[in-house]
Amino acid sequence: MRRLLLCTDLDRTLIPNGAQFESARAKEIFEHVARQEEVTLAYVTGRHRALIEQAIHEYDLPIPDYAIADVGTTIFQVESSGWRRSHDWSELLAADWAQVAVSELSHTLAAIPDLRLQEGEKQGPFKLSYYASLQVDPAQLNPLIEARLGPLGVHVNLIWSIDEATQVRLLDVLPASASKVQAIRFVMRQNGFQLDQTLFAGDSGNDKDVLASDIPSVLVANAETDLKSWALLRNHSSLYVAQGGPLGMNGNYRGGILEGVLHYWPEASQWLSGLNLREEN
């Protein structure tokens, strides 16, 4: 059996906190898969460390081997002795921001009325986060943001998504080298995982960099409608859109992750042989 680096977003992907319902046995079966010795589990999320730990406790999630936090700007290796931050990753990102503090970046962008700074706990040393109206067009706003930050000598990556619960746009201003996809590639290199040993699962716009890459990915069935339309039009071999059916599940949340695992690794069905699986509605 091949080793598997199983990477998953948290909110509305691994965590069933969206409007759609989750199949009854999805949690049990996902945890069984995550416990297999061949599986290295990584959480890839916009949450910071404290909120990841809160989610693990609140939703009774498996303890991961890695946590890629703050939209790819922080990487932790999770060990029995504690969470060990990757300083190599932090040093790589620091070069993009040329020693410019987050406070100076936010001061520079304060004159853009369409952006509203998110709460302090949602900011990070390499992450500057904003709210914006759904009426804002990122394609029009991005050049303005880049023009204002350019004189500071920083190189940025602008990640847009939509908060389904509050119906507002979210913007994360990150170092150019920072993203979920680059952080996953870093973990792959550190552990010797190849593309055919890696899977990512996501549901929203801030997962798009991974979904558009050559990393095998699954978009869960409860994903944002526009993102699902984009994914179906791509018709790319490294991107699978969960539709439900396998294991009798509906493809939402953990059911969609499992559907992706079985799509790319049919041999993973061996892990499920002792679970007395049955079809469910």
Side-chain angles (χ1 to χ4, degrees), residues 6-23 26 30 42-47 55 68-73 118 127 129-142 157-174 178-185 198-246 249-264:
L6 179 54
C7 306
T8 177
D9 177 51
L10 288 182
D11 292 285
R12 294 177 296 281
T13 302
L14 181 64
I15 299 173
N17 56 351
Q20 297 87 343
F21 72 92
E22 181 175 58
S23 295
F30 178 84
Y43 293 160
V44 187
T45 175
R47 290 183 180 228
I68 296 173
D70 302 304
V71 200
T73 60
Q118 292 184 25
K127 176 175 174 284
S129 297
Y130 291 90
Y131 298 115
S133 165
L134 287 179
Q135 283 67 50
V136 166
D137 183 358
Q140 293 185 357
L141 202 57
N142 283 353
N157 183 16
L158 305 177
I159 305 293
W160 290 89
S161 58
I162 295 175
D163 187 319
E164 186 180 84
T166 60
Q167 285 297 291
V168 298
R169 288 194 187 278
L170 306 176
L171 168 64
D172 294 310
V173 182
L174 314 176
S179 64
K180 288 186 174 183
V181 68
Q182 295 302 335
I184 291 172
R185 292 193 196 281
T198 306
L199 175 65
F200 171 78
D203 76 292
S204 68
N206 67 13
D207 301 316
K208 197 171 183 178
D209 63 338
V210 192
L211 300 172
S213 75
D214 58 353
I215 294 174
S217 300
V218 56
L219 188 63
V220 292
N222 59 283
E224 295 173 358
T225 302
D226 289 349
L227 191 60
K228 287 177 71 175
S229 298
W230 168 85
L232 291 169
L233 286 172
R234 282 183 63 82
N235 191 28
H236 197 281
S237 61
S238 65
L239 177 56
Y240 175 78
V241 180
Q243 301 175 32
M249 296 185 183
N250 58 19
N252 294 336
Y253 314 112
R254 282 169 283 212
I257 302 173
L258 292 166
E259 187 174 333
V261 170
L262 291 173
H263 174 76
Y264 290 106

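As a basis for the values below, the full set of heavy atoms in this structure was taken, side chains included, without hydrogen atoms, waters or symmetry mates. Model, not experiment: these values are computed from the prediction. Along the sequence shown, residues carry numbers from 1.
- In this structure His263 satisfies the ring-ring contact (aromatic ring centres under 6.0 Å, His included) test together with Tyr240, sequence neighbours excluded.
- For the atom pair Leu158 CG and Leu141 CG, the distance stands at 8.5 Å (nearest 0.5 Å).
- Under the rule for a side-chain contact (heavy atoms from CB on, under 4.5 Å), the partners of Ala183 that lie at least two apart in sequence or sit in another chain are Ile68, Ile75, Trp89.
- For Gln243, the side-chain contact (heavy atoms from CB on, under 4.5 Å) partners are Glu259, not counting sequence neighbours.
- Rounding to the nearest 0.5 angstrom, the gap separating the CD1 atom in Ile162 from the CZ atom in Arg169 is 4.5 Å.
- The ring pair (Phe, Tyr, Trp, His ring centres under 6.0 Å) analysis of residues 199-238, with sequence neighbours excluded, yields no pairs.
- Contacts of Arg12 classified as side chain to side chain donor-acceptor pair (under 3.5 Å), with partners at least two apart in sequence or in another chain: none.
- Remark: Asp172 pairs with Lys127 by the salt bridge (charged side-chain N to carboxylate O under 4.0 Å, His left out) rule, at least two apart or across chains.
- Residues in residues 217-236 take part in no salt bridge (charged side-chain N to carboxylate O under 4.0 Å, His left out) pair, two or more places apart or across chains.
- Taking both residues in full, the closest heavy atoms of Ala26 and Gly255 are given as CB-N, 3.8 Å, listed atom of the first, atom of the second, then distance.
- Between Leu14 and Tyr43, the shortest heavy-atom contact is CD2-CE2, 3.4 Å.
- Residues that satisfy the side chain to side chain donor-acceptor pair (under 3.5 Å) test with Gln140, not counting sequence neighbours, are absent from this structure.
- Note: Ile159 CD1 to Thr73 OG1 = 11.0 Å, rounded to the nearest 0.5 Å.
- Partners of Ser237 according to the side-chain contact (heavy atoms from CB on, under 4.5 Å) rule, which considers only residues two or more places apart in sequence or in another chain, do not exist here.
- Remark: Thr13 engages Asp9, Asp203 in a side chain to side chain donor-acceptor pair (under 3.5 Å) (not counting sequence neighbours).
- Contact record, Tyr253 with Gln20: OH-O, 2.8 Å, taken as the closest heavy-atom pair.
- Ile184 contributes atom CD1, which lies 7.0 Å from atom OG of Ser217 (distance to the nearest 0.5 angstrom).
- Rounded to the nearest 0.5 Å, atoms CG (Leu211) and CG (Leu219) are 5.5 Å apart.
- For the residue pair Pro246 and Leu262, the shortest heavy atom distance occurs at CB-CD1, 4.5 Å.
- Atom CG of Asn157 and atom CG of Leu174 lie 5.5 Å apart (nearest 0.5 Å).
- Partners of Trp160 according to the side chain to side chain donor-acceptor pair (under 3.5 Å) rule, which considers only residues two or more places apart in sequence or in another chain, are Asn142.
- Applying the salt bridge (charged side-chain N to carboxylate O under 4.0 Å, His left out) test to every pair with at least one member in residues 205-222, sequence neighbours left out, gives these pairs: Lys180-Asp207, Arg185-Asp214.
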